[in-house]
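The structure appears below as structure tokens.
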Protein chains: 2
Amino acid sequence: MVKVSDSLVTNTKVYLEIVKHLREMISADNLKSGDKIPSERELTERLNVGRSSVREALRALELLGLIETRRGEGTYIRDFRGNQLVQLLGTFILQDEKAKLDVIETKNLIEMDFLRLVLNRADEEQLLKLKSLVEADQLNDDQFFYQLIEMADNYLFSRIWLILKDYYNSLDIKNVEYNRNSFLMLIEALAAKDEKKTLYAYRQLRNLSILTDKY
Amino acid sequence: MVKVSDSLVTNTKVYLEIVKHLREMISADNLKSGDKIPSERELTERLNVGRSSVREALRALELLGLIETRRGEGTYIRDFRGNQLVQLLGTFILQDEKAKLDVIETKNLIEMDFLRLVLNRADEEQLLKLKSLVEADQLNDDQFFYQLIEMADNYLFSRIWLILKDYYNSLDIKNVEYNRNSFLMLIEALAAKDEKKTLYAYRQLRNLSILTDKY
DNA sequence: GTTATTTAGTGGTCAGACCACACCCATCTC
DNA sequence: GAGATGGGTGTGGTCTGACCACTAAATAAC
């Protein structure tokens, strides 16, 4: 029987003990995403604590994106690759406001980064598929880049970009006009695995100064 | 009077509404770290919800490191840097090998990005100062790059890097041996505003393949 | 066999009760 | 008067028990 209520001694909060216990349980039983964890009431009994404490722990882990909870069913471990931590911190921190330019710049930098990744990872087939979508005018700017970022095969990076994108859109700058030709040029450059040409196409797409080598 | 108990309608959980409300409150009242937020009982009344729901929200934010709570005193906003939560996530989540690789890759990409920024923004004085610090062996790897990222003058970007850095350190990979010469080479390349040389120095520092042009 | 219906289990929420602790301030002691 | 003492009050910490809403599986009805 595991005792958690050492809080009398350890002076640490019960809900933190529960978090710790869950962590141990997960690693001990080798639980993976999708697996179910014991119900709140069962944890209450097993750990000899109040249900409210169990819930505090679970809710905290839920907000962290580590578990997922379905009413009437139970609580499950979640697929946490590149979880929402950045998002949460972002929304809390970025209230700072002053940094519109930072957002734009950062988004541009990130986009150029994953263009470099795509340069080395995308196969021709993917690019052809993307090309056909563009030619059919099926994609807006965000969607176009989302396709690309998926090819970069870096989940964490894609999460960061998604956040930046949302943030960027919330700035309603809207100087971005849809430009199919720039898209096609980009794809072509990627297919040719030509970094210089790729970045050139990107700068043109984003109306960045092409002459200066700012970033 | 703010109503939160739209949960009947919105179907979102009460504690999430409270988190949201707190976020709004913080930005509306322009609260900063160290400031006090209303007591649990007051929030209970103001928002017309149960105290346990308020606590679920507060405990979640506490685990995230966004607030700090002192028994007998109250709850305070905290200086939120990446801190402990990253550690938590680290041990909790990052067993996934691919996720680890993503973290490493992303951190490298970000670092190269701000090297590019520094290339165009740092003045000689800053670089000289950095150089003297390095020569005196005053900086470890993280500190060295933190100095650099400050020169890049992009607050958002530095935030992202700080988080990634903590992530990275929680992986305890530790293949990075201190290398003063690489640091100096990097600084020299930056001072010369030579992008190619800069990135070359960086790759060497990080033991990245220099021949292939992976990223 | 198929379809309703019931039932048990689960998360979601609230209210109330204590406890432990920090702080303020009136009071007491010297 | 200065310092120590000790309640009072407010705050977080925890537990309990009671409902509600929902899901899924067992059961009943056809």
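A, B, ... follow the sequence lines: proteins, then strands. Residue 1 opens every chain. Note that these values count all heavy atoms, side chains included, but never hydrogens, waters or copies made by symmetry.
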Quiz prompt | Sidechain N-carboxylate O distance under 4.0 Å for Glu40(A), Arg59(A) | solution = yes
Quiz item: So what does Gly50(B) hit on the nucleic acid, given a heavy-atom distance under 4.0 Å: a base, only sugar-phosphate, or nothing?
Solution: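 Touches sugar-phosphate only.
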Practice problem: Have a look at Ser52(B) and say if it touches a base, only the backbone sugar-phosphate, or nothing, with a 4.0 Å heavy-atom cut-off. | Solution: base
Please give, in whole Å, the distance from [N] [atom2] to [X] [atom1]?
X        : N       : atom1 : atom2 : result
Glu45(B) : dG10(D) : CD    : C1'   : 13 Å
Leu63(B) : dG12(D) : CG    : P     : 18 Å
Leu16(A) : dG13(D) : CG    : C1'   : 12 Å
Glu68(A) : dT23(D) : CD    : C1'   : 15 Å
Glu40(B) : dT9(D)  : CD    : C1'   : 16 Å
Glu17(A) : dC15(D) : CD    : C1'   : 17 Å
Leu43(A) : dC15(D) : CG    : P     : 13 Å
Glu73(A) : dT23(D) : CD    : P     : 7 Å

side-chain N/O [X] vs [N] OP1/OP2, d < 4.0 Å:
X        : N       : answer
Arg41(A) : dG9(C)  : no
Arg51(A) : dG17(D) : no
Ser53(A) : dC15(D) : yes
Thr75(B) : dG12(D) : yes
Arg59(B) : dG13(D) : yes

Exercise. Compare every heavy atom of Ile18(B) with every heavy atom of Ala57(B), then report the nearest pair and how far apart it is.
Key: CB-CG2, 3.6 Å
Quiz item: So, for Lys107(A) and Tyr202(A), which heavy atoms are closest and what is the spacing to 0.1 Å?
Solution: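 Reported closest heavy-atom pair: O-OH, 4.3 Å.
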Quiz item: If we ignore angles and hydrogens, is there a donor and acceptor under 3.5 Å between the side chains of Ser52(A) and Ser52(B)?
Solution: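 Ser52(B) and Ser52(A) do not have a side-chain donor-acceptor pair below 3.5 Å.
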Quiz prompt | Enclosure of Tyr76(B) OH (heavy-atom neighbours >12, cutoff 6.0 Å) | solution =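 Count over threshold, so yes.
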Which nucleotide sits closest to the side chain of [X]: [options]?
X        : options                   : value
Arg71(B) : dG13(D), dG11(C), dA22(C) : dG13(D)
Arg55(A) : dA22(C), dG11(C), dG12(D) : dG11(C)
Glu56(B) : dT13(C), dT14(D), dG12(D) : dT13(C)

